[in-house]
Amino acid sequence: MHLTQETDYAMRIVFCLAKNGRRMDAASISEAMCVTLRFSLKILGKLAGAGLVNSYKGIKGGYELARPADQITLKQVVDAVEGRAYAISRCLAPEGECNRGASGCCSFQEVWRQVTEGVNAKLASVTFADMVADDAKRAAERRN
């Protein structure tokens with residue numbers, strides 16, 4: 001399995017908010033991240049529903065992170081958008097979609113489980129503050 005385009009965009013949107021460190025309107029976020037406004041609004045709704053982003057209405061409205069960037073992980077965004085824990089293979093899904101009827105006993109399942117645990121651990125260990133810091137470091141290296 002792969003992360004959906006929606007999840008990729010959601011990560012970019014949270015990154016944009018973390019990098020800017022201030023409330024932004026949806027149109028500005030959309031433009032900065034090259035995501036259509038309609039799709040950005042859909043994603044922002046999911047992120048708000050998951051408690052990762054706060055939404056404000058009115059003339060000074062917009063969106064901002066619900067907590068500091070060092071308290072929001074890539075995995076939290078994946079879970080907010082995907083609605084389930086990431087698994088590298090469909091045979092690891094809770095409903096066990098194995099087309100061979102081998103749910104729970106296939107040798108491949110053990111390998112996929114280990115890979116999935118590694119991916120999820122990495123996603124859970126990286127915060128958006130880490131991503132912003134890495135981006136700043138790369139930008140400084142490009143200037144030199």
Side-chain angles (χ1 to χ4, degrees), residues 1-99 103-104 106-144:
M1 294 178 78
H2 65 280
L3 297 177
T4 64
Q5 187 172 20
E6 183 178 17
T7 300
D8 179 56
Y9 288 164
M11 288 194 188
R12 293 170 190 267
I13 287 169
V14 173
F15 176 80
C16 179
L17 291 169
K19 186 174 180 177
N20 284 285
R22 62 178 171 78
R23 189 175 301 175
M24 297 178 69
D25 64 90
S28 296
I29 295 168
S30 171
E31 184 178 327
M33 295 295 97
C34 299
V35 180
T36 65
L37 179 57
R38 184 174 176 188
F39 204 19
S40 293
L41 288 167
K42 176 184 175 188
I43 293 166
L44 285 160
K46 286 186 178 185
L47 295 170
L52 299 175
V53 169
N54 288 330
S55 169
Y56 300 91
K57 297 190 183 302
I59 192 92
K60 294 187 179 186
Y63 298 87
E64 65 186 14
L65 296 182
R67 53 186 183 268
D70 66 351
Q71 294 177 21
I72 301 175
T73 67
L74 298 179
K75 182 159 181 6
Q76 290 168 328
V77 174
V78 171
D79 292 347
V81 176
E82 299 287 334
R84 65 191 184 319
Y86 172 80
I88 196 161
S89 174
R90 66 188 171 110
C91 72
L92 296 175
E95 59 277 359
E97 298 176 24
C98 180
N99 61 358
S103 295
C106 176
S107 298
F108 286 102
Q109 283 181 322
E110 180 57 22
V111 172
W112 300 151
R113 185 190 59 72
Q114 291 174 14
V115 171
T116 295
E117 286 175 1
V119 169
N120 281 320
K122 182 63 178 178
L123 290 170
S125 74
V126 179
T127 69
F128 281 88
D130 298 330
M131 298 296 290
V132 169
D134 184 61
D135 185 64
K137 178 183 169 192
R138 290 175 189 270
E141 289 171 355
R142 285 191 299 269
R143 285 191 298 269
N144 294 331

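Just so you know, residue 1 is the first one in the sequence shown, and it goes up from there. Just so it is clear, the model here is predicted, and its values are computed rather than measured.
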### Query
Any donor and acceptor pair, going by atom type alone, linking the side chain of Q71 with main-chain N or O of P68 inside 3.5 Å?
no

### Query
If we only count heavy atoms from C-beta on, is the V77 to L52 side-chain gap below 4.5 Å?
yes

### Task
Report yes or no: does D25 contribute a side-chain atom to a donor-acceptor pair with the main-chain N or O of A27 at less than 3.5 Å?
yes

### Query
Hey, is the main chain of Y63 close enough, under 3.5 Å, to the side chain of S55 for a donor-acceptor pair?
no

### Query
Any donor and acceptor pair, going by atom type alone, linking the side chain of R67 with main-chain N or O of G51 inside 3.5 Å?
yes

### Query
Within a radius of less than 6.0 Å around CZ of R22, do more than 12 heavy atoms belonging to other residues, nucleotides or ligands occur?
yes

### Message
Could you tell me if the side chain of F128 sits less than 4.5 Å from the side chain of F15, heavy atoms only?
### Response
yes

### Message
Testing the basics here: between V81 and A10, what is the closest heavy-atom pair and its distance to 0.1 Å?
### Response
CG2-CB, 3.4 Å

### Query
Under 6.0 Å between the ring centres of F39 and Y9?
yes

### Query
CZ/R142 to NZ/K137 distance, rounded to the nearest 0.5 angstrom?
12.5 Å

### Task
State whether the number of non-hydrogen atoms from other residues, nucleotides or ligands found under 6.0 Å of E31 atom CD is greater than 12.
no

### Query
Within a strict 4.5 Å, meaning less than it, do heavy atoms of the K75 and N120 side chains meet?
yes

### Query
Counting N and O atoms only, with roles assigned by atom type, does the side chain of S28 sit under 3.5 Å from a partner on the main chain of M24, one being a donor and the other an acceptor?
no

### Query
Got a second to check how far N20's CG is from L65's CG, nearest 0.5 Å?
10.0 Å

#### Entry: Modelled atom types, side-chain donor and acceptor of E82 and T4, under 3.5 Å
yes

### Query
Can you find a pair of side-chain heavy atoms, one from M131 and one from T127, that are under 4.5 Å apart?
no

### Message
Given 3.5 Å as the limit, does a donor-acceptor pair link the side chain of S40 with the main chain of T36, or not?
### Response
yes

### Query
Going from CG on D79 to CG on L123, what distance comes out if it is rounded to the nearest 0.5 angstrom?
8.5 Å

### Message
Counting C-beta onward and ignoring hydrogens, is there a side-chain heavy-atom pair between N54 and R23 closer than 4.5 Å?
### Response
no

### Task
In sequence, state the C-alpha distance, the side-chain angles, and the governing distance for R113 and E110, and then conclude on salt bridge (Lys or Arg N to Asp or Glu O under 4.0 Å).
CA-CA 5 Å; R113 185 190 59 72; E110 180 57 22; 2.3 Å; yes

### Query
Is the backbone N or O of D130 less than 3.5 Å from a side-chain atom of D134, with the two atoms forming a donor-acceptor pair by type?
no

### Task
Would you check, one step at a time, whether the test side chain to side chain contact (heavy atoms under 4.5 Å, CB included) holds for K46 with V53?
CA-CA 9 Å; K46 286 186 178 185; V53 169; over 6 Å; no

### Task
Could you tell me whether the side chain of M11 reaches within less than 4.5 Å of the side chain of L3, counting heavy atoms only?
yes

### Query
Can you check whether L47 reaches I13 side chain to side chain, under 4.5 Å on heavy atoms?
yes

